[in-house]
Amino acid sequence: MKLSNLLNGVKVIREFLGSEELSQGTAAYSVANNVPVGKITADSRACKRGYLFIAVKGIDADGHRFIGKAIEAGAQFVVCENIPEDEEIAMKAGKRNDITYVIVENGREAEAKIAANYYDNPSHALKLVGVTGTNGKTSIATLLYNMFTSLGYKCGLISTIANYIGAAKFPTINTTPGPIQLNALMDQMVAKGCQYCFMEVSSHSIDQGRIADLKYCGGIFTNITHDHLDYHKTFENYRNCKKKFFDNLPNDAFALTNIDDRNGEYMVQNTKAKIHTYSCGNVADFRTRIMEQSIEGMQLNINGTDIWCNFIGVYNAENLTAVYGAAMLLGAPHDEVIRIMSTLHSVAGRLEYFKGKDNVIAAVDYAHTPDALENVLKTLQALKPKGDLICVFGCGGDRDRTKRPEMGAIAGKYATRIIVTSDNPRSEDPMAIIQDIKAGMDADAKAKADFITDRLEAIRTAVLTAKPDSLILVAGKGHEDYQIVCGVKHHMDDRETVQNAFKEKENLS
């Protein structure tokens, strides 16, 4: 693809070929902009001859520092906000005569626009639905993917757990990839015949412009609670970042919002999209009532139709209502949607149950925010276990510290036994994190708590010491199969650990 095509819609300030500034309309400008570009990348290490390198100012590193390395690796085109001093010296020395520099207003915006242009705007060829909020994104996006796959459509999924192109599974690094990876994924989806794509939209991706220039046919708001304040600094910043996603939806899209959340209406107050609502307690376009529930599942009434589903808890009822509402808005047949909903199961690591001896049940869940932990504990408490309700949890290191005491207080309120342990300590001292959690616990909570830094040993202790008919919640990591300690990733799977502990307990009896 020619450079001029890639720069279509990009806010270009100046352009250079070596040290010569190019003026629009001149022969030199025309020649430079008609040179074909090999591939595009924002990673200097991936550059080869003929590549276009986009220098993006990131949170931890500034891509402008690596322009020289990109050129040494073969990059022929550089898109940047400014030319660093060492590059200017090299330009003036005649060492960059075959390099085209494009100075842009905003590197992140340019990356998103160039990526969309390079892959011929694949989001326009898909029915793309984005799901954003603090909790429930993975469940809703994945359940929609499963729903529409069951309806006979070829679908794509971009989520925390994994990315899918049809039935093919691919690993994921970030909840929402960067714009080049996003457009590349969607380009493959289009090539493989996918008609729908369901994706999680993180606040980081909105703030960093990763999803700019994607065309959505719908957006779903789940809820917003305390999270990511290490990045956004204030709750207001975090909330407004989420709102920006709905502000940017086109007028031919739908905006489906949870009005049980106090910010549900705020999220869509400036959207151009058609607004629809869902609720488990208020009058809404899509409304659900929980008729009954047990450890096996719950009976719901959704817009007048009864359905039995393999989920429990109000928050899961909300997720299923969002799935139902989105399916209706996408034109799926009602009766088929209801039938398929009764066959759906929890997403990996989302209240995933394991049964052991003496009717002890362990639930592994990704709950890692105060609101999510409270929702799961309230759900399990409502089942009225005859034994203890044991909560095993921790908090991640190098992340928002203010939620740690909140989660300690919540565990103390609902659990009859508590084991505070490590989550992903990363570079922090695990015991220091535990002390932050402990600070939110009152005397009663501390009296029923154990503090075990080794997560494997904490889970093992919970299982081996559980009384008959107890419920164990292992919260925080869910589907993750690793733990980061001192910056090193180790294998650690809560589901695997629970099952091994159940086997050990059985062998001991």
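Just so it is clear, the values below take in all heavy atoms, side chains as well, and ignore hydrogens, waters and symmetry mates.
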- Message: Show, in sequence, the C-alpha distance, side-chain angles and deciding distance for Ser346 and Asn310, and conclude whether the side chain to side chain contact (heavy atoms under 4.5 Å, CB included) test is met.
- Response: CA-CA 7 Å; Ser346 294; Asn310 303 298; over 6 Å; no

- Item | Spacing of CG belonging to Leu3 relative to CG belonging to Asn8, to within rounding of 0.5 Å | 11.5 Å

- Message: Testing the basics here: between Cys309 and Leu320, what is the closest heavy-atom pair and its distance to 0.1 Å?
- Response: SG-CD1, 3.5 Å

- Note on the structure: All heavy atoms of Ser123 vs all of Leu214, minimum pair found to be OG-CA, 3.5 Å

- What are the two closest non-hydrogen atoms of Lys169 and Ala162, and how far apart are they? CE-CB, 3.6 Å

- Is there a donor-acceptor contact under 3.5 Å from the side chain of Thr277 to the main chain of Asp285? yes

- Query: Just by distance, do the side chain of Thr271 and the backbone of Phe246 share a donor-acceptor pair under 3.5 Å?
  - Reply: yes

- Task: State, to 0.1 Å, how close Asp423 and Gln483 come at their nearest heavy-atom pair, and which atoms those are.
- Result: O-NE2, 2.7 Å

- Between Lys272 and Asp247, is there a donor-acceptor pair closer than 3.5 Å when you use the side chain of the first and the backbone of the second? yes

- State, yes or no, whether a side-chain contact exists between Tyr324 and Thr305 at a heavy-atom distance under 4.5 Å. no

- Query: Hey, does Asp261 have a side-chain heavy atom less than 4.5 Å from the side chain of Met267?
  - Reply: no

- Query: Any cation-pi pair here, Lys477 with Tyr482, using under 6.0 Å and within 45°?
  - Reply: yes

- Message: Between His334 and Asn303, is the side chain to side chain contact (heavy atoms under 4.5 Å, CB included) condition met? List the steps.
- Response: CA-CA 11 Å; His334 175 271; Asn303 276 21; over 6 Å; no

- Item | Which atom of Ile259 lies closest to which atom of Ser279, heavy atoms considered | CG1-CB, 3.9 Å

- Query: Rounded to the nearest 0.5 Å, what separation is found between the CD1 atom of Ile165 and the NZ atom of Lys154?
  - Reply: 9.5 Å

- Query: Has the side chain of Glu81 got a donor or acceptor atom that lies under 3.5 Å from a matching backbone atom of Gly107?
  - Reply: yes

- Message: Please give me the minimum heavy-atom distance between Leu249 and Ala273, naming the atom from each residue.
- Response: CB-CB, 3.9 Å

- Does any N or O in the side chain of Arg426 come within less than 3.5 Å of the main-chain N or O of Ile484, such that one atom is a donor and the other an acceptor? no

- Message: Asp98 vs Arg49, test: salt bridge (Lys or Arg N to Asp or Glu O under 4.0 Å). Steps then yes/no.
- Response: CA-CA 12 Å; Asp98 60 341; Arg49 182 63 188 165; 3.7 Å; yes

- Query: Do Phe198 and Ile140 have side chains that get closer than 4.5 Å, going by heavy atoms?
  - Reply: no

- Side chains of Asn183 and Asp187: donor-acceptor distance under 3.5 Å anywhere? no

- Message: Within this structure, what is the CG-CG distance for the pair Asn163 and Leu185, rounded to the nearest 0.5 Å?
- Response: 5.0 Å

- Message: Just so I know, are the side chains of Met199 and Ile211 near enough to count as touching, which here means a heavy-atom distance under 4.5 Å?
- Response: yes

- Point-to-point distance, once rounded to the nearest 0.5 Å, from CD1 of Ile103 to CZ of Phe16: 6.0 Å

- Message: Less than 6.0 angstrom from the centroid, inside 45 degrees of the normal: does Arg96 satisfy that with respect to the ring of Tyr101?
- Response: no

- Message: Under 6.0 Å from the ring centre and within 45 degrees of the ring axis: does the NZ or CZ of Lys243 meet both conditions for the six-membered ring of Tyr266?
- Response: yes

- Query: Is it true that Arg404 and Glu428 make a salt bridge, defined as a side-chain N closer than 4.0 Å to a carboxylate O?
  - Reply: yes

- Backbone of Glu109 reached by a side-chain donor or acceptor of Asn106 within 3.5 Å: yes

- Task: Measure the spacing between CZ of Phe235 and CD1 of Ile224 and express it to the nearest 0.5 Å.
- Result: 4.5 Å

- Query: Could you walk me through whether Cys80 and Val104 pass the side chain to side chain contact (heavy atoms under 4.5 Å, CB included) check?
  - Reply: CA-CA 6 Å; Cys80 54; Val104 297; over 6 Å; no

- Quick check: does any side chain N or O of Ser4 sit under 3.5 Å from a backbone N or O of Asn33, one acting as donor and the other as acceptor? yes

- Query: Do Leu151 and Glu336 have side-chain heavy atoms sitting under 4.5 Å apart?
  - Reply: yes

- Message: Is there a side chain to side chain contact (heavy atoms under 4.5 Å, CB included) between Lys57 and His64? Walk through the geometry before answering.
- Response: CA-CA 7 Å; Lys57 292 179 179 178; His64 291 75; 3.9 Å; yes

- Near Glu265 CD, under 6.0 Å, is it more than 12 heavy atoms from other residues, nucleotides or ligands? no

- Say whether, by atom type as modelled, one donor and one acceptor occur between the side chain of Arg495 and the main chain of His479 under 3.5 angstrom. yes

- Query: Passes salt bridge (Lys or Arg N to Asp or Glu O under 4.0 Å), Glu406 versus Lys403? Steps please.
  - Reply: CA-CA 5 Å; Glu406 285 189 48; Lys403 68 182 182 183; over 6 Å; no

- Task: Would you indicate whether the side-chain heavy atoms of Lys274 and Leu329 approach each other to under 4.5 Å?
- Result: no

- Query: Under a 4.0 Å N-O cut-off, is there an ion pair linking Arg108 with Glu111?
  - Reply: no

- Task: Kindly indicate whether the side chain of Met186, heavy atoms from C-beta on, has any atom under 4.5 Å from the side chain of Ile158.
- Result: yes

- Item | Separation between SG of Cys47 and CD of Glu72, rounded to the nearest 0.5 Å | 11.0 Å

- For the side chain of Asn117 and the backbone of Lys113, is there at least one donor-acceptor N/O pair under 3.5 Å apart? yes

- Between the side chains of Asp260 and Asn282, does any donor sit under 3.5 Å from an acceptor? yes

- Query: Would the His368 and Tyr366 ring centres measure less than 6.0 Å apart?
  - Reply: yes

- Item | Pro84 and Ile67, any side-chain heavy atoms less than 4.5 Å apart | yes

- Determine yes or no for a side-chain-to-main-chain donor-acceptor pair under 3.5 angstrom, with Thr222 supplying the side chain and Asn135 the backbone. yes

- Message: Could you check whether Lys215 pairs with Asp252 (Lys NZ or Arg NE/NH1/NH2 to Asp/Glu carboxylate O, under 4.0 Å)?
- Response: yes

- Task: Indicate whether the side chain of Asn223 and that of Glu318 have a donor and an acceptor atom separated by less than 3.5 Å.
- Result: no

- With Tyr196 as reference, evaluate Phe148, Tyr216, Tyr145, Tyr164 under the ring pair (Phe, Tyr, Trp, His ring centres under 6.0 Å) test and give the passing residue. Phe148

